[in-house]
Amino acid sequence: MDCDILISGGGIAGLTAASAFGRAGFSVLIVDPAPPVTSRDAEGADLRTTAFLQPARDFLDRAGLWARLADHATPLQVMRIADISQDPPVIREFDAIDISDAPFGWNLPNWLLRREMSAALEEMPNVDYRPGTATTSLFTRTREARVSLSDGSRVKTRLVIAADGRGSPMREAAGIGVHTMRFGQKALAFAVTHERPHDNVSTEIHREGGPFTLVPLPDHEGKPSSAIVWMCDAAEADRLAALDTDAFETEMNVRSGGLYGTLSLASRRPTWPIVTQAAERLTSERLALVAEAAHVMPPIGAQGLNMSLKDLAALLELAEARPNELGDSKMLESYARARMPDIRLRLSGIAALNRASQQGLPLLQAARAKGLGLLHDAAPVRRALMELGLGARSR
């Protein structure tokens, strides 16, 4: 074999996988067609952020990455949900101190994650990282996979991990279909500064059209700063993206309900479509799908990449348990059994939450606000919700 594992895709999930499996002693080749954009202001930089919940942080530590990331991470101590469709608004806070000595999670910019993770791989002798190289074809046999690359080489490997996104070339090469649900929405992702400090509180603001979520960032140019994901109907998102800065700031300040004082735009504001997508199966011969190659969901509740790291954790556990049988049918069947029920449950749950958030009907908005109050105000329900949905550990 040329390597134990070939990873197709150099996004955050792929980079994490390379570090985790490399640290576990496997020889790894990771390829991606595009070099990583590792500067905030560079063209093509991913201005979204990722909130790593407690289990995800633990996996990053296991992968040898958290030590590089910790100093850049902003703790998320409180999750606040505000429904401003009501008068007065309904606001409830879920504080990690109720169940844990640690925060719910830690927020990091995606461009910075790529910078630090790429640098970590360069220091690992058993990881061959080739940005600017794409996978072009896949051929499998019982004992190996053969993958052709855009640089003209052909690689023999025991396991292919497809971490190559929602349009995964390796998934398509294996003939695995997907089920896609479209919501007619897009999300804008950008950074702001604001008058009031965020106090390590992440706030999800609901009205009609979709949530408006502020997630804490380190101060920017001496001012409190947050990352925002603003979900709304596709036509409205396109209209907002086309506004000049002054007009856009006026609209986002109205939409924020003034909870953080005046917001000022501090970055570009790219958009992307909101869908749920699920692969028909998670494996094929010598191939495992992870992250967005396996599942895509709306950015609600910090579930997306945290689910992806659960994929990697399950796959790594199976690989370490039977390293000599890496990538065989038994291992891949076990992986699918371990992950598919959780993926289906969370996809359906997030899709339902998003549909409810889209609704602008007064009766449905009132029901949503009442439900929020009931979930928060019953202490046992609140604790169970935090443990299940946010992944926090009880003391």
Side-chain angles (χ1 to χ4, degrees), residues 5-18 20-21 30-33 50 56 59 134-140 145-147 157-183 185 187 272-319 326-355:
I5 300 169
L6 183 143
I7 299 172
S8 177
I12 295 169
L15 295 170
T16 304
F21 282 92
I30 173 172
V31 298
D32 190 273
T50 296
F59 187 77
T135 54
T136 58
S137 67
L138 171 69
F139 174 77
T140 62
R146 297 182 183 182
V147 181
T157 185
R158 298 162 67 193
L159 173 65
V160 177
I161 298 178
D164 42 6
R166 60 185 67 186
S168 170
M170 288 291 93
R171 185 189 65 220
E172 292 183 1
I176 300 175
V178 296
H179 299 289
T180 303
M181 178 188 301
R182 304 186 185 279
F183 298 90
Q185 290 173 296
W272 81 97
I274 299 300
V275 301
T276 62
Q277 180 173 286
E280 292 177 348
R281 60 184 194 277
L282 296 181
T283 66
S284 186
E285 189 174 57
R286 294 285 158 180
L287 174 72
L289 308 183
V290 301
E292 288 200 341
H295 45 75
V296 180
M297 65 178 61
I300 296 174
Q303 294 298 309
L305 189 63
N306 288 275
M307 277 183 58
S308 301
L309 297 192
K310 287 184 179 181
D311 299 340
L312 299 182
L315 204 56
L316 180 60
E317 181 179 346
L318 291 165
L326 177 71
D328 70 5
S329 59
K330 182 178 179 180
M331 173 187 168
L332 294 175
E333 288 167 4
S334 297
Y335 169 64
R337 285 197 302 270
R339 290 299 302 136
M340 190 60 88
D342 180 58
I343 289 170
R344 287 174 174 163
L345 176 64
R346 292 184 186 269
L347 279 174
S348 60
I350 293 295
L353 284 172
N354 189 41
R355 288 292 191 201

Step through the shown structure and confirm whether more than 12 heavy atoms of other residues, nucleotides or ligands are within 6.0 Å of CE on M340.
-> yes
Okay, side chain of S168, backbone of D164: is any donor-acceptor separation there less than 3.5 Å?
-> no
Test side-chain contact (heavy atoms from CB on, under 4.5 Å) applied to F21 and I30, step by step = CA-CA 11 Å; F21 282 92; I30 173 172; over 6 Å; no
Pair T180-V296, side-chain contact (heavy atoms from CB on, under 4.5 Å): steps then yes or no | CA-CA 9 Å; T180 303; V296 180; over 6 Å; no
Any chance you could measure R171, atom CZ, to I176, atom CD1, to the nearest 0.5 Å?
-> 8.0 Å
Taking the side chain from R158 and the backbone from G327, do they hold a donor-acceptor pair closer than 3.5 Å?
-> no
Find out whether T140 and L287 are in side-chain contact, i.e. whether some heavy atom of one side chain is under 4.5 Å from a heavy atom of the other.
-> no
Mind checking whether V31 and T135 have side chains closer than 4.5 Å, heavy atoms only?
-> yes
With a 4.5 Å limit on heavy-atom distance, are the side chains of P299 and I274 in contact?
-> yes
What is the minimum heavy-atom distance between G175 and R281, and which atoms define it?
-> O-NH1, 4.2 Å
Once you round to the nearest 0.5 Å, how far does CE of M181 lie from CG of L347?
-> 9.0 Å
Do R182 side-chain atoms and V275 backbone N/O form a donor-acceptor pair below 3.5 Å?
-> no
Please round to the nearest 0.5 Å and tell me the distance separating atom CG of D328 and atom CD of E333.
-> 8.5 Å
Please assess R286 against V160 for the test side-chain contact (heavy atoms from CB on, under 4.5 Å), listing each intermediate value before the final yes or no.
-> CA-CA 6 Å; R286 294 285 158 180; V160 177; 5.7 Å; no
For the atom pair CG (D311) and CZ (R339), what is the distance rounded to the nearest 0.5 Å?
-> 4.5 Å
Non-hydrogen side-chain atoms of I343 and L282 separated by less than 4.5 Å | yes
Is there side-chain contact between L15 and D32, with heavy atoms separated by less than 4.5 Å?
-> no
To the nearest 0.5 angstrom, please state how far the CZ atom of R337 sits from the OG1 atom of T283.
-> 10.0 Å
Evaluate the criterion side-chain contact (heavy atoms from CB on, under 4.5 Å) for residue pair H295 and S308; output intermediate values, then yes/no.
-> CA-CA 8 Å; H295 45 75; S308 301; 3.8 Å; yes
